[in-house]
Amino acid sequence: MAKNLLIYPEKCLGCRICEMFCSLAHTDTCNPARSRINVIKMDMDVRCVPMVCQQCTDAACEKACPAHAIQRNETTGALETDPEACIGCRMCVLACPFGGTSVDPREGNVFRCDLCDGDPMCVEVCPYGAISYVEEDRQGLHKKRSGVERFLAAIERLPLNPGSK
Amino acid sequence: MDWDYLVQHPLLGLVLGVCLVSVGWRTVCLGVALVKAVCQRDLRRQPLWRLISSAGGSSPVTVLQKTIGGLLRYIFHAGLIVVPIWYGGHIPLWEEYGFDWYWTALPDPWIDRLTILVLVLALYFGLRRICVRDLRRRSAVPDYVVITVTALPFVTGYLLTHGDLRAWPVLDAQMETLHVLTAEMMIALAAFLFCRIRIAADRCTGCASCGGACATGALRIADEGSRRLIRYAAHRCIRCGSCVRICPASAAELRHEISFRRLFQFAAPQPLCSVALHFCEQCGALVAPQPQVAQLVPDFLPDGASLCPKCSQRSAARKLLGRP
């Protein structure tokens with residue numbers, strides 16, 4: 001079963017270390033604009049969500065590509081652009097609802113997460129465990145497990161016995 | 001001095017001379033463009049043979065279509081050159097006109113077959129232009145003129161050598177003059193016939209792939225205000241066809257153009273086509289050309305809105321957190 005990146009937004013503190021190492025591993029520069037993963041900060045920078053290519057099964061980028069240049073890597077399950085076939089029309093960038101594909105500001109080519117050939121750098125370097133690399137069919141279980149704590153906390157706050165107050 | 005002599009001697013010489021000068025001059029211009037392109041960084045990045053042979057990564061159907069179409073055009077144009085030059089009946093004419101040139105002719109049956117092939121292809125190109133609605137919409141009168149004028153000397157030549165015209169004595173007597181006259185028309189046309197890139201404005205999605213594929217810098221793409229402009233410098237173009245092969249919308253095409261001015265035109269790039277741009281609805285950054293957005297609307301952008309990658313990430317993150 002192919003593995004995929006699983007994000008826990010509640011664990012992310014927005015340090016952007018993943019961006020730095022992703023950029024370093026793929027482009028040999030520490031440039032967040034060239035990183036495959038981006039930390040999106042919301043609510044006055046309180047909530048942070050690392051956003052990365054979802055490796056969709058029914059991928060919009062793959063379908064939108066007029067040159068049929070996007071293909072799935074059989075071993076890692078990552079969607080990959082064949083640089084030979086790519087004509088640079090950027091339809092994939094436009095079609096992706098997650099902003100998972102972007103254009104390299106220096107080279108001008110399109111790029112997205114390639115799961116680092118099965119050993120993702122962002123998972124390795126995240127100090128808070130906000131990104132994990134798990135089998136796709138286990139993702140639901142991991143989400144449930146991480147949700148249990150919030151669920152319990154929510155239950156405690158609930159007025160379970162309205163009569164007693 | 002009679003009409004036949006006028007057509008067959010001074011007029012033929014004049015037309016041939018003009019055509020030779022024009023072809024020579026254009027060969028020099030093309031050579032200069034080629035040398036300039038090779039000296040530039042761009043062409044060295046990709047070998048020329050690969051530029052010419054690459055299918056540009058379009059869908060297999062389009063590649064097949066473009067390859068077969070290209071092959072037919074090559075055969076047609078080769079026939080246009082081979083038949084008049086290597087036809088056995090033409091070669092002694094050079095000696096007759098006072099030139100001491102002689103070369104081995106191709107066997108007559110070959111030339112006959114090639115003539116038939118050229119005529120069939122001309123008929124096919126003409127009919128296709130008339131019958132295929134899309135092609136007809138993009139065609140103009142010069143396109144039909146070019147095909148007709150090119151086919152005529154082959155028709156008259158074939159009738160002259162094989163036709164039985166005893167039923168029409170007038171035509172029979174004038175056939176040779178008619179053949180020479182049509183050939184002169186074709187040669188005169190060839191002197192002022194140019195091959196030029198056109199971009200169909202209704203098909204162009206503004207994706208700028210052609211600008212990336214152009215090895216000589218003849219196609220330049222620039223965003224000006226709310227429109228994307230594609231500019232073309234004909235004197236830089238080597239007609240390699242990279243843009244035609246790479247165009248995902250089949251909007252770029254090599255087209256004939258009859259023009260006198262083009263012989264001496266080295267002006268700045270002229271705009272070929274312009275496309276409206278779409279800007280991000282949240283941050284106002286450039287997203288993509290409008291036609292590309294329109295292409296994606298039914299399937300991938302159901303609400304018709306399109307955001308820049310950064311704002312898409314933001315909106316997806318907001319959904320992930322369960323925010324409205």
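In the text below, chain A, chain B and the rest are named by the order of the sequence lines, each starting its count at 1.
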Query raised in the report: Can you name the residues of residues 132-139 of chain B that have some heavy atom under 4.5 Å away from a heavy atom in chain A?
Result: none
Query raised in the report: For A:Pro9, is it the side chain, the backbone, both, or neither that has a heavy atom closer than 4.5 Å to a heavy atom of chain B?
Result: side chain
Query raised in the report: Are B:Glu253 and B:Arg198 close enough for a salt bridge, meaning some N to O gap below 4.0 Å?
Result: no
Requested in this report: Sort out for me which of B:Ser312, B:Ala316, B:Pro309, B:Ser315 touches chain A most, counting heavy-atom pairs under 4.5 Å.
Outcome: B:Ser312
Query - Atom pair SG (B:Cys214) and CD1 (B:Ile230), whose distance is rounded to the nearest 0.5 Å - result: 11.5 Å
Query raised in the report: In terms of side-chain geometry, is the basic nitrogen of B:Glu224 or B:Arg231 positioned less than 4.0 Å from the acidic oxygen of its partner?
Result: yes
Report summary line: Of the listed A:Asp82, A:Ile40, A:Val49, the one with the largest count of heavy-atom pairs under 4.5 Å with chain B is A:Ile40
Query - Nearest heavy atoms of B:Arg73 and B:Arg128, plus distance in Å - result: NH1-NH2, 4.1 Å
Query raised in the report: Can B:Arg26 be said to sit on top of B:Phe194's aromatic six-ring, NZ or CZ under 6.0 Å from centre and within 45° of the ring axis?
Result: yes
**Report entry** Top of A:Lys63, A:Gln54, A:Glu10 for chain B proximity - count of heavy-atom pairs under 4.5 angstrom
**Finding:** A:Lys63
Query raised in the report: So which heavy atom on A:Cys86 is nearest to which on A:Ala69, and how close?
Result: N-CB, 3.7 Å
Report task. Please determine if A:Arg36 forms a cation-pi arrangement with A:Phe111, meaning its NZ or CZ atom is less than 6.0 Å from the six-membered ring centre and no more than 45° off the ring axis. Result -> yes
**Report entry** Over 12 foreign heavy atoms within 6.0 Å of NZ, A:Lys11
**Finding:** yes
Report summary line: Assert top hit (heavy-atom pairs under 4.5 Å, partner chain B, pool A:Leu94, A:Ile7, A:Val93) equals A:Leu94
